[in-house]
Amino acid sequence: MLTSLSRNSFYRLARTVLWFLVLVGLPLTSFPLLSRLTGAIVAPFSFIPLVALLVIWLAPFVLEKGKLPAEMVPFFYFVLVAIAVSGLAFFLNGFYDLGQDFFGQTLRAFITLAIGMSFYLVFATYPQDEKRLRQTLIFVYIGGVLLIAWTFVEAFLIRKYGIVRDMPEWVTRFRSVLVTQSPNIYYSNRVSGFAYEPSWFVREFNLVLFPIWLAAIYQRKSLFKFRLWIFQVEDFLMLAGLVAFGFSSPRVGLLAFLASLAYLGILFLGRVHGWLIGRVLKGRKKPVKHLGWMKFLLAVLLVVVLIVIAGGAVLGYVVVASGWDNRYQLLLSAGVLDRVDLFPLTEDSFIALSGELAFLERVVYWFGGWHVFSDYPLGVGLGNSGFYMVDRLNGQGLGSLEIRNLVYRAGYLPNSKNLWTRLLSETGVLGFATFAVWLFVLWRSSALTRKSESQVLQIVGLAGQLFLMAYLVEGLSMDSFAMPYQWLMAGLISAAGLLARKELAAKGKAAKGQPAEG
């Protein structure tokens, strides 16, 4: 069925156009039409063409028993665990609160998980060969270029008019057609692109664009043959992306980016360390005394140099960003630590510090989710942690208008705003462990893909590892399964892993003199 369809030129064109729309539409995180239909804030535009791909691509693929990447198996186990825990959660107390009930909350949570699974299934199966994988990356590049171009326009307008609310009316109307945005951004001077808020905006950079571009830059491999002297296309994209990223003045997003850079720095130091040791040993006839100590001291020196350079760059950005963002001004305030007694470091002292740094609400939610897990280590069911969080929020949170409104006025339940505490509190130890195994499998698959002879697979392999490093940190401030960015990269890792294993199998058969499978 799928084979016969693939011979039809109209079908191939429709499939490619839909795939293009899925990838280029990634920046539209809260498409107004979907938001109105679902009542959800996380309503990515990409889901509309994705549904069409589910029908015309994935359904025939599954019916013809197409091969799914092995990387998907642990995630399917996680889904089964989430279903089991959520079923058992109906025997717990707390069935009704703030106008919500267990069944409704669980159903909404599984709908968002189903949306995420849909993205993952298509992203993991559609790039069946290197040609289609390269096409996927090019479409991602195009979406990134369009996003960066708009961000520069937005940054110029913000610098000219001061805050988003004072920008020309045509800008507001233009964005309102494409995305539903948080009311808070209208009083902000941070760029948000076409995302609901600036923190969502930076996730496409941290979880998709930066990992791919950094992987290409580090390995000096590109999707394009074009070079300008020693520079390749990804060099210019990364530079422009960093500027756009900086205009949003992220905090958790900045830490996530640094996590990716830290891993890349470790790889780079390993190469430099090996090269320097090779230079020392080259041409020597006698063995070097205390070679082990020399290697150790050289490694320490390189690490210190890297930390100083990275620290200086971060400090420089903080100083620059403090010129337009008062949250960064707080980081430079000498009196912040004096007003907080951090020793001993406790939940109360940590929340007090977060209050001084204008980060109190998120930290209160994090601890709230952690306390739900502490009392219910087997989980309270997907989407149900909010029923238990109100009674477990730290008392310092009541000093926040946002949290008082949530507890006493809002008609919706709180959530932990943190993927890791959400997994712990809602799916318990077993669900969290299964999800962690899936991430580990993705890491191993990325490491295998890096060894491929294909430049495209090598880029995806290293990009997968950089994505996972950033994802561990970004997970601290995101908890929705419907956001497409994590599924895009997880899917590409899975697809590339399958291609890398096919390549290894073909090599093995060639070595034994057997014909490779066509």
Side-chain angles (χ1 to χ4, degrees), residues 40 42 71-98 100-121 124 207 362 364-393 412-443 468 471-487 489-491 493-494:
V42 184
E71 289 83 355
M72 303 183 74
V73 174
F75 182 75
F76 291 146
Y77 279 120
F78 164 75
V79 175
L80 293 176
V81 170
I83 292 172
V85 171
S86 299
L88 293 173
F90 280 87
F91 294 97
L92 301 175
N93 61 338
F95 285 86
Y96 185 85
D97 192 16
L98 294 175
Q100 309 296 328
D101 61 79
F102 259 33
F103 180 77
Q105 283 295 112
T106 301
L107 180 61
R108 281 188 287 273
F110 273 101
I111 288 175
T112 62
L113 182 59
I115 292 172
M117 284 182 61
S118 301
F119 277 111
Y120 185 32
L121 282 166
L207 301 183
R362 286 297 176 99
V364 170
Y365 298 145
W366 296 354
F367 278 109
W370 174 258
H371 290 312
V372 174
F373 165 68
S374 298
D375 293 338
Y376 298 92
L378 297 181
V380 298
L382 206 63
N384 294 331
S385 61
F387 288 108
Y388 304 88
M389 274 185 61
V390 173
D391 295 336
R392 292 169 175 81
L393 296 177
Y412 53 87
L413 293 171
N415 59 70
S416 61
K417 308 288 186 182
N418 183 312
L419 178 62
W420 314 122
T421 56
R422 180 186 181 184
L423 290 173
L424 285 168
S425 62
E426 296 183 358
T427 65
V429 175
L430 185 57
F432 181 85
T434 310
F435 197 88
V437 168
W438 175 58
L439 295 181
F440 177 73
V441 169
L442 292 180
W443 180 271
L468 289 168
Y471 188 50
L472 292 177
V473 181
E474 279 288 356
L476 295 174
S477 66
M478 61 182 288
D479 66 346
S480 174
F481 293 115
M483 194 74 73
Y485 305 134
Q486 63 262 41
W487 306 116
M489 286 306 300
I493 292 170
S494 303

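To the nearest 0.5 Å, atom CG of residue L468 and atom CG of residue L207 are 10.0 Å apart. Taken from OH in Y376 to CG in L424, the straight-line distance is 16.0 Å, to the nearest 0.5 Å. Taken from CZ in R392 to CG in D375, the straight-line distance is 4.5 Å, to the nearest 0.5 Å. Taking CD1 from I115 and OG from S480, the interatomic distance works out to 8.0 Å, rounded to the nearest 0.5 Å. To the nearest 0.5 Å, atoms CZ (F102) and CG (L107) are separated by 14.5 Å. Atom CG of L423 is separated from atom CZ of F373 by 11.0 Å, given to the nearest 0.5 angstrom.
Nearest approach of I493 to L442, heavy atoms of both residues: CG2-O, 3.5 Å. The heavy-atom pair separating V380 from L92 by the smallest distance is CA-CD1, 4.0 Å. The two residues D479 and N418 come nearest to each other via the heavy atoms CB-N, 3.8 Å. Of all heavy-atom pairs between Q105 and G383, the closest is NE2-O, 3.0 Å. Nearest heavy-atom pair, T427 versus V85, reported as atom, atom and distance to 0.1 Å: O-CG2, 3.7 Å. Counting all heavy atoms, side chain and backbone alike, V390 lies closest to P414 at CG2-CG, 3.9 Å.
At distances below 3.5 Å, not a single donor-acceptor pair connects side-chain atoms of W370 with backbone N or O atoms of S416. A donor-acceptor distance shorter than 3.5 angstrom exists from the side chain of T112 to the backbone of A109, with no hydrogens or angles considered.
Two rings, from Y471 and W487, have their centers 6.0 Å or more apart.
For the ring pair (Phe, Tyr, Trp, His ring centres under 6.0 Å) criterion with W438, the lone passing option out of W443, F78, Y120 is Y120. Paired with R422 under the rule side chain to side chain contact (heavy atoms under 4.5 Å, CB included), one option of F481, F432, W366, Y365 passes, and it is F481.
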Under the side-chain contact (heavy atoms from CB on, under 4.5 Å) rule, what do F75 and V441 come out as? Steps first, then yes or no, please. CA-CA 10 Å; F75 182 75; V441 169; over 6 Å; no
Test side-chain contact (heavy atoms from CB on, under 4.5 Å) on W420 and L472 and set out the steps. CA-CA 9 Å; W420 314 122; L472 292 177; 4.2 Å; yes
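By the salt bridge (charged side-chain N to carboxylate O under 4.0 Å, His left out) test, D391 pairs with no residue at all, sequence neighbours left out.
Counting heavy atoms from C-beta on, the side chains of M478 and Q486 come closer than 4.5 Å.
Note on residues 71-83: pairs passing side-chain hydrogen bond (donor to acceptor under 3.5 Å, both in side chains), not counting sequence neighbours, are E71-S445, E71-R501.
Using a 3.5 Å distance cut-off with no hydrogens or angles, the side chains of S86 and N384 do not pair a donor with an acceptor.
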